[in-house]
Amino acid sequence: MTFFLRLKTPFSKTARTGLIALLGFVSPVLADQGYSVGVVPQFEARKLADIWTPILEELERRTGAELHMIGSPRIPEFEQAFIRGEFDFAYMNPYHSLVAFEQQHYQPLIRHGERKLFGVLVVRKDSPYQSVQDLSGKKIAFPSPNALGASLLMRADLDRRFHLDFEPDFVNTHASAYLNVVLGEADAGGGVMGTFNSLDPQIRDHLRIIYETTHLPPHPLVVHPRVPKEIAERVQQAFLDMAATPDGQALLARVPIGRAVKAEISDYQELRELKLDEYHIETGIE
């Protein structure tokens, strides 16, 4: 189930963030008008809301369009939602953008112009594991089956490059994968550099990276074809304009988007050559 957050309310940013945590996942049918914005749940709801609420408020101010943040409890539910075309706009990983294009003709609008997406394999800093080969027969936590860098790319490399026999454990979010390693529930965990860097230092300082995957273009913001072209172009230009100001850069850096540039579906065609469909797992969530 997804949750709905209407950003134009009399509540302060802090109050809205608290409401998300308290209300959990509320049906999007409550939305009366405007455009929905889906966000891949790399983190728990409170953190995502804290990152995206001020960004969407600024986009509303710049575009005049009313934007509703739609969250999903887990990545599989997020996948099913965009496959059904439930989001007007959505922030998703590059592999998801290919699936979204094929299923609903979502088009990329914006992405980071410099940063690359890549998976990282982490272990506890005090563990004896020094290389991927040391994890033979061990449990490895992943956010979800189809998280691009943290799971698809990582599992493909562990299989094709290292021929590693391991026990996968899918734990819903990047944060959960890292925490499982810190707590000793898993011997290693898959994540991406962006989420690793944004960890609380009290967690990150207990982890050590032992492997990085191929580097790819980062997450795009995509738009569904039902959204009027004028609105899509306004949102795209607003992102570019925000990224040109110090305050806007600070907001977008938390995503992270940083130097925003226009995105095209062709930016992600190199993913097809990796044949990650072999590692894609149907979630079966309705």
Side-chain angles (χ1 to χ4, degrees), residues 35-40 42 52 55 59 63 65 67 75 78-119 144-157 160 192-195 212-244 248-249 252-253 255-282:
Y35 300 94
S36 60
V37 182
V39 179
V40 62
Q42 295 173 309
W52 280 93
I55 292 173
L59 288 173
T63 65
L67 301 171
I75 293 174
F78 175 79
E79 292 172 345
Q80 292 301 313
F82 75 69
I83 286 173
R84 292 191 293 262
E86 293 182 5
F87 307 130
D88 294 317
F89 296 91
Y91 178 72
M92 58 179 58
N93 77 45
Y95 181 80
H96 282 160
S97 74
L98 291 180
V99 176
F101 177 77
E102 292 168 354
Q103 296 291 325
Q104 291 284 338
H105 302 292
Y106 279 95
Q107 294 284 346
L109 285 178
I110 289 292
R111 64 175 175 84
H112 197 305
E114 297 172 344
R115 173 178 166 269
K116 293 290 187 177
L117 169 72
F118 57 96
S144 77
N146 305 323
L148 177 58
S151 187
L152 286 173
L153 281 174
M154 187 62 70
R155 288 186 291 118
D157 279 4
R160 295 169 177 169
V192 295
M193 200 68 220
T195 58
E212 295 180 3
T213 68
T214 302
H215 292 208
L216 296 168
H219 291 46
L221 180 82
V222 302
V223 61
H224 195 279
R226 68 171 165 266
V227 175
K229 183 178 180 181
E230 179 189 2
I231 297 297
E233 290 177 346
R234 276 195 229 162
V235 169
Q236 183 183 58
Q237 189 59 49
F239 265 100
L240 296 174
D241 293 343
M242 285 174 64
Q249 289 172 7
L252 296 176
V255 174
I257 290 179
R259 190 176 73 83
V261 298
K262 293 182 179 180
E264 304 282 347
I265 194 63
S266 59
D267 296 341
Y268 301 100
Q269 292 304 314
E270 64 183 288
L271 273 170
R272 298 190 187 283
E273 300 175 9
L274 298 176
K275 298 180 179 179
L276 296 178
D277 289 352
E278 299 175 17
Y279 298 92
H280 184 274
I281 296 176
E282 294 296 333

Qualifying residues under side chain to side chain contact (heavy atoms under 4.5 Å, CB included), relative to [X], sequence neighbours excluded:
X    : value
E233 : K229
L240 : I110, Q237, A260, K262
T213 : F118, L153, M154, D157, Y211
H105 : P225

Report the distance from atom [atom1] of [X] to atom [atom2] of [Y], rounding to the nearest 0.5 Å.
X    : Y    : atom1 : atom2 : result
F239 : I55  : CZ    : CD1   : 6.5 Å
Y95  : L276 : OH    : CG    : 6.5 Å
H280 : L152 : NE2   : CG    : 7.0 Å

State which residues pass side-chain hydrogen bond (donor to acceptor under 3.5 Å, both in side chains) with [X]; sequence neighbours excluded, sorted by chain then number.
X    : answer
T63  : none
H96  : E79, N93
Q107 : none
R259 : E114

Less than 4.0 Å between a side-chain N and a carboxylate O, is that true for E278 and R160?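 Salt bridge between R160 and E278, a charged N being under 4.0 Å from a carboxylate O: yes.
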Stepwise side chain to side chain contact (heavy atoms under 4.5 Å, CB included) check, V223 with V235: CA-CA 10 Å; V223 61; V235 169; over 6 Å; no
Would you say the side-chain atoms of N146 pair up with the backbone N or O of I281, donor to acceptor, closer than 3.5 Å?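 Yes.
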Is Q236 reaching over with its side chain to a backbone N or O of L109, donor-acceptor style, under 3.5 angstrom?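 Yes, Q236 side chain to L109 backbone: donor-acceptor pair under 3.5 Å.
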Identify the two heavy atoms, one from [X] and one from [Y], that lie closest to each other, and give their separation to 0.1 Å.
X    : Y    : value
P108 : P220 : CB-CB, 4.1 Å
Y268 : P218 : OH-O, 2.7 Å
V227 : A232 : CG1-N, 4.1 Å
V192 : A150 : CG1-N, 3.6 Å
I231 : F89  : CG2-CZ, 4.2 Å
A238 : L59  : CB-CD2, 3.6 Å

With sequence neighbours excluded, what pairs up with E230 under the salt bridge (Lys or Arg N to Asp or Glu O under 4.0 Å) test?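 Scan of E230 (salt bridge (Lys or Arg N to Asp or Glu O under 4.0 Å), adjacent residues dropped) gives R234.
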Contacts of type ring pair (Phe, Tyr, Trp, His ring centres under 6.0 Å), residue H112, not counting sequence neighbours: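 Ring pair (Phe, Tyr, Trp, His ring centres under 6.0 Å) check on H112 returns nothing, list empty.
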State which residues pass ring pair (Phe, Tyr, Trp, His ring centres under 6.0 Å) with Y91; sequence neighbours excluded, sorted by chain then number.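 So Y91 forms a ring pair (Phe, Tyr, Trp, His ring centres under 6.0 Å) with W52, H219.
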Show, in sequence, the C-alpha distance, side-chain angles and deciding distance for Q269 and L98, and conclude whether the side chain to side chain contact (heavy atoms under 4.5 Å, CB included) test is met. CA-CA 8 Å; Q269 292 304 314; L98 291 180; 4.0 Å; yes
Decide yes or no on side chain to side chain contact (heavy atoms under 4.5 Å, CB included) for Q103 and F82, but give the supporting numbers first. CA-CA 9 Å; Q103 296 291 325; F82 75 69; over 6 Å; no
So for atom CD, which belongs to E264, do other residues, nucleotides or ligands contribute more than 12 heavy atoms lying within a distance under 6.0 Å?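 No - once you tally the heavy atoms of other residues, nucleotides and ligands closer than 6.0 Å, there are 12 at most.
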Does any part of the side chain of F78, heavy atoms only, come nearer than 4.5 Å to the side chain of S144, both counted from C-beta?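 The answer is no, as the side chains (C-beta and beyond) never meet within the 4.5 Å cut-off.
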Residue pairs fulfilling salt bridge (charged side-chain N to carboxylate O under 4.0 Å, His left out) with at least one residue in residues 93-113, sequence neighbours excluded: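 Non-adjacent pairs meeting salt bridge (charged side-chain N to carboxylate O under 4.0 Å, His left out): E102-R272, R111-D267.
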With a 6.0 Å cut-off on ring centres, are F87 and Y106 close enough?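 Judged by ring-centre distance (under 6.0 Å), F87 and Y106 do not meet the cut-off.
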